[in-house]
Amino acid sequence: MLKKVIRFNLDDLLLYLGLEGSVFLLVQLVIGGVMVLSKPGDGILICGVILPVIAGILMLLGGVTHVTVTFEQALRFGQTRRRALGLTAGLMAFEGVCALGGAALLALVERYLGPPLWAWLAGKGHWVVDYPGDWGALEDCLVVNSFHLDWWCYPTILAIGLGVGLIGGAIIQRFGTKGAWTLWGIWMAACFAPQLLGENVFAIGAWNQYMMGTCVVLGIGCLVWSVWSLFHAVVKE
């Protein structure tokens, strides 16, 4: 049954990968343009940070959609709430793994194909990645600085994306438009509060194991409530 649900939603997966590919191409066009026009002595590998974050956001938004659409459709077609939630969670996990896998693959493409191409566009004879010394002393060389996420960030993004997507979907499924507006307000506050109130709005400098533990416990509590809410969901005909 899960395979059928995945096949039915392949267009969503193509959308995820298409957006990641579009961002990848845009980044390469911008960097390539800078190399051609400015002939700099250094470059930057950044898709290893940007694309996994984009994948996580897509997982979150896709999860909300699947809970409010796929889950309810499964109930209307006679599935039990437990089975409907299992199918929805399985679909979300499959799409999340594929989205993060696509992000990792494109990051590798940039790492191994980007520097030689950029060096050629910048008119440099050779290139080096993450040079530890004084790269200003190098001649006819493009120095590329690498920014990427550690391996453990990928399963963390997957877990957060799936969890928050499930929680957001459960809130909208339970409270409807009010829940959607509440989530939108939280999203806007998270986006603009640092710019309006300064970098200490989230007490970044005071974060410690206790605050992290509190966030984890709160997240688990919200996830448990979401599962309970979906097990008792009422679907309007």
Side-chain angles (χ1 to χ4, degrees), residues 1-23 51-104 153-192 215-237:
M1 185 65 180
L2 179 59
K3 292 181 179 179
K4 294 181 179 179
V5 174
I6 291 174
R7 286 198 299 267
F8 185 75
N9 291 274
L10 280 179
D11 53 341
D12 294 334
L13 180 58
L14 294 176
L15 177 62
Y16 296 170
L17 298 178
L19 287 173
E20 291 178 3
S22 298
V23 172
L51 295 183
V53 173
I54 291 177
I57 294 174
L58 292 174
M59 289 165 50
L60 190 159
L61 298 176
V64 171
T65 301
H66 286 313
V67 171
T68 55
V69 176
T70 305
F71 173 78
E72 293 195 353
Q73 284 181 341
L75 294 183
R76 291 191 178 97
F77 280 102
Q79 300 294 328
T80 64
R81 288 170 176 78
R82 184 181 299 273
R83 183 168 176 78
L85 181 56
L87 291 173
T88 302
L91 173 63
M92 292 165 57
F94 173 79
E95 292 182 347
V97 170
C98 290
L100 286 171
C153 292
Y154 283 83
T156 301
I157 291 174
L158 178 64
I160 293 176
L162 295 178
V164 176
L166 187 63
I167 293 170
I171 291 174
I172 295 176
Q173 200 282 328
R174 170 68 60 172
F175 301 107
T177 305
K178 293 180 180 179
W181 279 109
T182 300
L183 293 176
W184 181 85
I186 294 173
W187 176 268
M188 290 295 100
C191 290
F192 294 106
C215 290
V216 171
V217 171
L218 180 61
I220 293 175
C222 291
L223 186 60
V224 170
W225 173 86
S226 301
V227 173
W228 174 88
S229 177
L230 293 174
F231 278 170
H232 297 80
V234 176
V235 179
K236 297 180 180 180
E237 298 295 338

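Worth knowing before you read on, the calculation uses all heavy atoms, side chains too, and leaves out hydrogens, waters and symmetry mates. Just so it is clear, the structure is predicted and the values come from calculations on it, not from any experiment. Positions are given from 1, in the same order as the sequence printed here.
- Side chains of Leu87 and Thr70 form no contact here, defined as non-hydrogen atoms less than 4.5 Å apart.
- Taking CG of Leu223 as the start and CG of Leu218 as the end, the distance is 11.5 Å to the nearest 0.5 Å.
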message: Between Arg174 and His232, does the side chain to side chain contact (heavy atoms under 4.5 Å, CB included) criterion hold? Intermediate values first, please.
response: CA-CA 9 Å; Arg174 170 68 60 172; His232 297 80; 4.0 Å; yes

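- How far CG of Leu183 is from CD1 of Ile172: 5.0 Å, rounded to the nearest 0.5 Å.
- When all heavy atoms of Leu58 and Leu19 are compared, the pair lying nearest together is CD2-CD1, 3.7 Å.
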task: I would like to know whether Val64 and Val164 meet side chain to side chain contact (heavy atoms under 4.5 Å, CB included); could you show each step before the answer?
output: CA-CA 8 Å; Val64 171; Val164 176; over 6 Å; no

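- With contacts defined as side-chain heavy-atom distances shorter than 4.5 Å, the pair Ile220/Val224 qualifies.
- We find the CZ-CZ distance between Phe71 and Arg81 to be 7.0 Å, quoted to the nearest 0.5 Å.
- Note: Leu13 CG to Cys98 SG = 5.0 Å, rounded to the nearest 0.5 Å.
- For the atom pair NE2 of His66 and OG1 of Thr88, the computed distance is 8.5 Å after rounding to the nearest 0.5 Å.
- With values rounded to the nearest 0.5 angstrom, Leu100 atom CG is found 10.5 Å from Thr156 atom OG1.
- Between Thr182 and Ile171 the shortest side-chain heavy-atom distance does not fall below 4.5 Å.
- Considering only heavy atoms from C-beta on, Phe231 comes within 4.5 Å of Val227 through its side chain.
- Listed by chain and residue number, Glu72 satisfy the side chain to side chain donor-acceptor pair (under 3.5 Å) test with Gln173 (two or more places apart in sequence, or in another chain).
- Summarising the geometry of Tyr16 relative to Gly62, their closest heavy-atom pair is OH-CA, 3.1 Å, with the distance given to 0.1 Å.
- Scanning both residues, Ala74 and Ala84, for their nearest heavy atoms gives CB-CB, 3.6 Å.
- When all heavy atoms are compared, the tightest approach of Glu20 to Ala103 is OE1-N, 3.3 Å.
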task: Apply the test side chain to side chain contact (heavy atoms under 4.5 Å, CB included) to residues Ile6 and Leu10: give CA-CA distance (whole Å), side-chain angles for both, the deciding distance (0.1 Å), then the verdict.
output: CA-CA 6 Å; Ile6 291 174; Leu10 280 179; 4.3 Å; yes

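- Side chain of Ser229 to backbone of Trp225: no donor-acceptor contact under 3.5 angstrom is found.
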